[in-house]
Amino acid sequence: MSEQIGILLKNINNDLGRYSDREAKKMGITQVQMSIIDFVYRNESKQELYQTDVEREFNIQKSSATALLKLMEKRGLIVRSPSKTDSRYKMILLTARARQFAKKIRLFYDATETHLRRILGDDSDAFIRNLKSLKAFMRSQLD
């Protein structure tokens with residue numbers, strides 16, 4: 001057993017992060033902001049999105065999500081508006097500026113996904129199933 005799964009996963013995650021960060025810098029945003037813009041862009045037509053959705057999607061603490069969204073609001077990437085169904089909640093909306101980035105971001109992520117699947121070939125679906133099993137196991141250890 002020479003290769004450590006956890007170390008390989010961490011290294012790949014770091015490389016994917018750096019690769020995304022390089023693309024984000026071209027737009028003058030961070031990799032995390034790029035990911036949040038993409039998440040909102042892909043899901044806003046299906047449902048109202050709130051801070052809790054960002055927390056869940058990116059597996060981050062409430063305090064981290066608060067800081068990220070405040071900074072994105074300050075930088076003119078998002079606005080928070082009262083929910084149409086419950087005014088106690090603030091839904092997250094992309095600004096026109098973020099929408100300009102969203103299409104480029106989606107193209108970048110789609111191209112990256114195509115490259116990764118091409119590398120994995122016929123094994124890509126099994127690989128994804130295995131990653132989901134690993135994720136479920138790790139979550140069960142944290143509960």
Side-chain angles (χ1 to χ4, degrees), residues 4-143:
Q4 296 274 321
I5 293 170
I7 292 171
L8 284 171
L9 288 172
K10 182 68 173 163
N11 287 339
I12 291 167
N13 184 56
N14 289 344
D15 287 343
L16 281 170
R18 281 193 286 276
Y19 183 60
S20 294
D21 194 49
R22 186 172 63 188
E23 189 66 22
K25 283 182 181 177
K26 293 177 188 176
M27 294 178 259
I29 60 177
T30 68
Q31 181 267 326
V32 174
Q33 291 168 343
M34 186 168 94
S35 296
I36 292 172
I37 290 169
D38 184 62
F39 171 69
V40 174
Y41 182 71
R42 285 182 294 111
N43 292 285
E44 65 187 354
S45 65
K46 302 172 197 164
Q47 66 185 55
E48 289 184 358
L49 295 169
Y50 308 105
Q51 178 172 322
T52 54
D53 297 308
V54 172
E55 293 164 13
R56 195 175 314 109
E57 175 70 13
F58 296 100
N59 194 22
I60 58 176
Q61 300 286 326
K62 182 177 182 175
S63 58
S64 297
T66 298
L68 284 167
L69 294 173
K70 278 185 180 179
L71 182 59
M72 289 181 75
E73 197 166 24
K74 183 178 177 183
R75 296 203 60 220
L77 298 170
I78 64 164
V79 293
R80 287 187 268 191
S81 177
S83 168
K84 295 172 186 163
T85 57
D86 188 340
S87 61
R88 294 175 297 172
Y89 296 101
K90 302 276 188 184
M91 57 184 184
I92 300 167
L93 303 169
L94 297 177
T95 63
R97 179 173 178 241
R99 285 191 186 289
Q100 289 177 337
F101 297 146
K103 291 177 184 155
K104 291 178 190 175
I105 292 167
R106 183 77 322 248
L107 288 172
F108 170 77
Y109 283 145
D110 286 344
T112 302
E113 180 73 10
T114 298
H115 293 309
L116 294 174
R117 285 183 180 271
R118 188 175 304 128
I119 291 165
L120 292 169
D122 294 337
D123 298 331
S124 64
D125 290 336
F127 182 74
I128 290 170
R129 277 193 307 278
N130 288 334
L131 285 176
K132 286 180 177 181
S133 293
L134 290 172
K135 180 180 176 182
F137 170 75
M138 291 310 304
R139 287 272 166 98
S140 73
Q141 299 303 299
L142 296 171
D143 292 337

query: Got a second to check how far Ile105's CD1 is from Ile29's CD1, nearest 0.5 Å?
result: 4.0 Å
From CA spacing to verdict: side chain to side chain contact (heavy atoms under 4.5 Å, CB included), Asp53, Ile92: CA-CA 10 Å; Asp53 297 308; Ile92 300 167; over 6 Å; no
message: Rounded to the nearest 0.5 Å, what separates atom CD in Glu23 from atom OH in Tyr109?
response: 9.5 Å
query: Just wondering, more than 12 heavy atoms not from Gln61 lying within 6.0 Å of its CD?
result: no
Candidate pair Val40 and Ile78, rule side chain to side chain contact (heavy atoms under 4.5 Å, CB included), full reasoning: CA-CA 10 Å; Val40 174; Ile78 64 164; 5.6 Å; no
- request: To the nearest 0.5 angstrom, please state how far the CG atom of Asp21 sits from the CD atom of Gln33.
  value: 10.0 Å
message: Could you measure the distance from the CG atom of Asp125 to the CG atom of Asn130? Nearest 0.5 Å is fine.
response: 11.0 Å
Sub-6.0 Å ring centroid separation between Phe101 and Phe108: no
- prompt: Do the ring planes of Phe39 and Phe58 sit parallel (below 30°), tilted (30 to 60°) or perpendicular (above 60°)?
  reply: perpendicular
message: Tell me whether Ile5 at atom CD1 has more than 12 heavy atoms from other residues, nucleotides or ligands lying less than 6.0 Å away.
response: no
query: Under 4.0 Å between a Lys/Arg side-chain N and an Asp/Glu carboxylate O for Arg80 and Glu73?
result: yes
- request: Kindly compute the distance separating CZ (Arg129) from OG (Ser124), expressed to the nearest 0.5 Å.
  value: 9.0 Å
message: Strictly distance-based, threshold 3.5 Å: is any side-chain N or O of Glu44 a donor or acceptor partner for the main-chain N or O of Leu49?
response: no
- request: Any chance you could measure Arg18, atom CZ, to Asn13, atom CG, to the nearest 0.5 Å?
  value: 9.5 Å
- prompt: So with a 6.0 Å cut-off around OH of Tyr89, is the heavy-atom count from everything else above 12?
  reply: no
